[in-house]
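Each residue takes its place number in the sequence, starting with 1. Below, each value reflects all heavy atoms present in this structure, side chains not excepted, and no hydrogens, waters or symmetry copies.
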Amino acid sequence: MPTTTNSKKRNYLYQITIIGVLFAVFGFVTWVNGILIPFLKKSCELTDQQAFYVTTAFFAAYFFLAIPSSWILDKLGTKKGMSTGLVIMALGCLVFVSAAGSRSYPIFLLGLFIVGMGLALLQTAANPYVSLIGPIESAATRISVMGICNKLAGILANVLFGSILLKNATEIQTKIDNETNLELKNQLLDNLASRVETPYIVLGVFLLVIAVVIYRSSLPDIKSQTSDTNPDSMDISEGKTSVFQFPHVLLGAVAIFMYVGAEVMAGDLITIYGKNLGFSDDTSKFFAVFGLVGLLVGYITNIILIPKYMKQENWLTISAILGIVLTIGSYFVTGSYAVGCLATLGFANAVMWPAIFPLGIKGIGKFSNIGSALLIMGIVGGALIPPFYGWLYHEGNIFGFDFKSAFVFVMLVCYSYILWFGKRGHRIGFPKV
């Protein structure tokens, strides 16, 4: 009996380690966007709104590929599906080399979309794993551990890519702005764009190596995880014929939409927000790291609190209220205090994915793969909400928002819905106890 127990423990640790590596990959690739936004704004001479299309191209892939990803995983199995996703991401990284050579913003966006395609496949496979390999009540704790892997990699990505892509950014921008010779100006811009080539070649090779490692691993299929490892979880799928018969899944997808939009607003856009507050490029390029630190502190708090001291849905509700308070606070302060409010939103956001995802697929049994895919589709919030925010305060719109009031409006909508989902929405469709 002890031998069997030890074997199960080793197998559990093995699976968690592999998924932890994948979550680190998610974090590294995703949080690089916070550096790409100001980098591409400079090298491709974009407006704020145009630069925000970085998030649109990246996160739109989740919407279009989430459901096909569930079919691919059913066909190939989890392990081969993950390896395929990593290979697709590597191809997207190589597209960056071509984009840098021509300094073409549409090709950069294509590369981002391809990377997002691979991530959609990986996320559709990995998130149910973490939710289902143990009790659903403690799923937020396991996802928080994965979140630490994710955000540590994100911090590394911001520091590393920020140092490479935005090195001496203020000085370079001054030279570009003052250069009157069009040929010399284009040469400066081409040299700036070429900085992206080597990092993305290295990243592409690394992703291919991880793909081989996953392919040769003994990672089991998600179906066995769903049926065998957590037999005591509530299952309300009996007699149901479609995932659309579970209201909490669809409401959870909307909550993911709002959460990802809010996280991208507070995280990836904090650099541009800082610039609009008057900070220099060299100062603001590392602001995203502050938000990631907030997320890390939040994940550690999740691990301590859930489920021993607090249910995940209750902590989600409190965090949404904190998000509302910090958002309002960011409007009434300036300078480093406003940046601090955005960075602290990372703490408020830390529980949202870990809590919303397991609450969204709770009890759906055999529909876990397709339910997960629907929740992954909600990530498209990161594609739509930031450019909508840019449009709201763009010169010439009819609403009269500045960048701060537009931020407050968008974030209050997001956090108010998440607050409702944490209090009420996740229970709709479940039998009353």
CZ/F63: more than 12 non-hydrogen atoms of other groups inside 6.0 Å = no
Which value, rounded to the nearest 0.5 Å, describes the distance between L152 atom CG and L296 atom CG?
-> 5.0 Å
Hey, is K175 close enough to E179 for a salt bridge, meaning N to O under 4.0 Å?
-> no
Closest approach of L251 to G425 (non-hydrogen atoms, all atoms of both residues) = CD1-O, 3.5 Å
Rounded distance [0.5 Å steps], CG in N158 versus CD1 in I35 = 4.5 Å
Within the distance-only criterion (no hydrogens, no angle test), does the side chain of N191 pair as donor or acceptor with the backbone N or O of L188 below 3.5 angstrom?
-> no
Do S319 side-chain atoms and L316 backbone N/O form a donor-acceptor pair below 3.5 Å?
-> no
CA sep, side-chain torsions, deciding dist, call: M89, V29, side-chain contact (heavy atoms from CB on, under 4.5 Å) | CA-CA 9 Å; M89 291 169 64; V29 174; 3.7 Å; yes
Quick one: CG on L305 to CG on N314, what's the gap to the nearest 0.5 Å?
-> 11.0 Å
Heavy-atom side-chain contact between L165 and L36 under 4.5 Å = yes
Taking the side chain as every heavy atom from C-beta outward, state whether M265 and L345 have any pair of such atoms under 4.5 Å apart.
-> no
Counting only N and O atoms by type, is there a donor-acceptor contact under 3.5 Å from the side chain of N168 to the main-chain atoms of E171?
-> no
In short, V264 meets T55 closest at the heavy-atom pair CG1-CG2, 3.6 Å
Measure across W31 and G154 and return the closest heavy-atom pair with its distance rounded to 0.1 Å.
-> CB-CA, 3.8 Å
So do the side chains of I306 and V351 get within less than 4.5 Å of each other, counting heavy atoms only?
-> yes
Would you say F59 and L384 make side-chain contact, with heavy atoms under 4.5 Å?
-> no
With distance as the sole test, does S102 use its side chain to make a donor-acceptor pair with the main-chain N or O of S98 at under 3.5 Å?
-> yes
Any donor and acceptor pair, going by atom type alone, linking the side chain of D402 with main-chain N or O of S405 inside 3.5 Å?
-> yes
For the residue pair F257 and Y62, is the inter-centroid distance of their aromatic rings smaller than 6.0 Å?
-> no
Give the intermediate values and the outcome of side-chain contact (heavy atoms from CB on, under 4.5 Å) for residues L419 and I321.
-> CA-CA 7 Å; L419 174 61; I321 294 171; 3.7 Å; yes
Would you mind telling me which of L342, L392, L412 makes a side-chain contact (heavy atoms from CB on, under 4.5 Å) with F407?
-> L342
Residue pair F279 / S336: nearest heavy atoms and the distance that separates them | CZ-N, 3.6 Å
Heavy-atom closest contact (A153 atom, A24 atom, distance) | CB-O, 3.0 Å
Within-4.5 Å side-chain heavy-atom neighbours: Y273 and Y389 | yes
To the nearest 0.5 Å, atom CZ of F23 lies from atom CE of M146 at 7.0 Å
Centroid-to-centroid, Y53 to F108, below 6.0 Å?
-> no
Given the rule in the side-chain contact (heavy atoms from CB on, under 4.5 Å) test, do V243 and L250 qualify, once you have shown the distances and angles that lead to the verdict?
-> CA-CA 9 Å; V243 72; L250 304 179; 5.9 Å; no
Keeping the roles fixed (side chain from S416, backbone from V413), state whether a donor-acceptor pair exists under 3.5 Å.
-> no
Scanning both residues in full, the closest heavy-atom pair of M82 with L122 reads O-CD2, 3.3 Å
Where does the angle between the aromatic ring planes of Y417 and F421 fall among parallel (under 30°), tilted (30 to 60°) and perpendicular (over 60°)?
-> parallel
Just by distance, do the side chain of K42 and the backbone of Q173 share a donor-acceptor pair under 3.5 Å?
-> no
Would you check, one step at a time, whether the test side chain to side chain donor-acceptor pair (under 3.5 Å) holds for N349 with Y415?
-> CA-CA 10 Å; N349 291 336; Y415 286 128; 2.7 Å; yes
Decide yes or no for L91 and V95: does some side-chain heavy atom of the first lie under 4.5 Å from some side-chain heavy atom of the second?
-> no
Side-chain donor or acceptor of S83 paired with backbone N/O of A211 under 3.5 Å | yes
Without swapping roles, check the side chain of D268 against the backbone of I37 for a donor-acceptor pair under 3.5 Å.
-> no
Do F58 and V32 come within less than 4.5 Å of each other through their side chains, counting heavy atoms only?
-> no
State the CG-CD1 distance between L86 and I210, to the nearest 0.5 angstrom.
-> 7.5 Å
Please walk me through it: do Y393 and D48 pass side chain to side chain donor-acceptor pair (under 3.5 Å)?
-> CA-CA 10 Å; Y393 75 84; D48 279 3; 2.9 Å; yes
is_close_aromatic(F39, F161), centroid dist under 6.0 Å = no
Output yes when E313 and K362 qualify as a salt bridge under the 4.0 Å nitrogen-oxygen rule, no when they do not.
-> no
In this structure, CZ of F403 is separated from NZ of K275 (nearest 0.5 Å) by 12.0 Å
Passes side-chain contact (heavy atoms from CB on, under 4.5 Å), F113 versus T56? Steps please.
-> CA-CA 9 Å; F113 185 80; T56 302; over 6 Å; no
Would you check if Q312 and P354 make a side-chain contact, meaning some heavy-atom pair closer than 4.5 Å?
-> no
Donor-acceptor pair, K404 side chain versus V333 backbone, under 3.5 Å?
-> yes
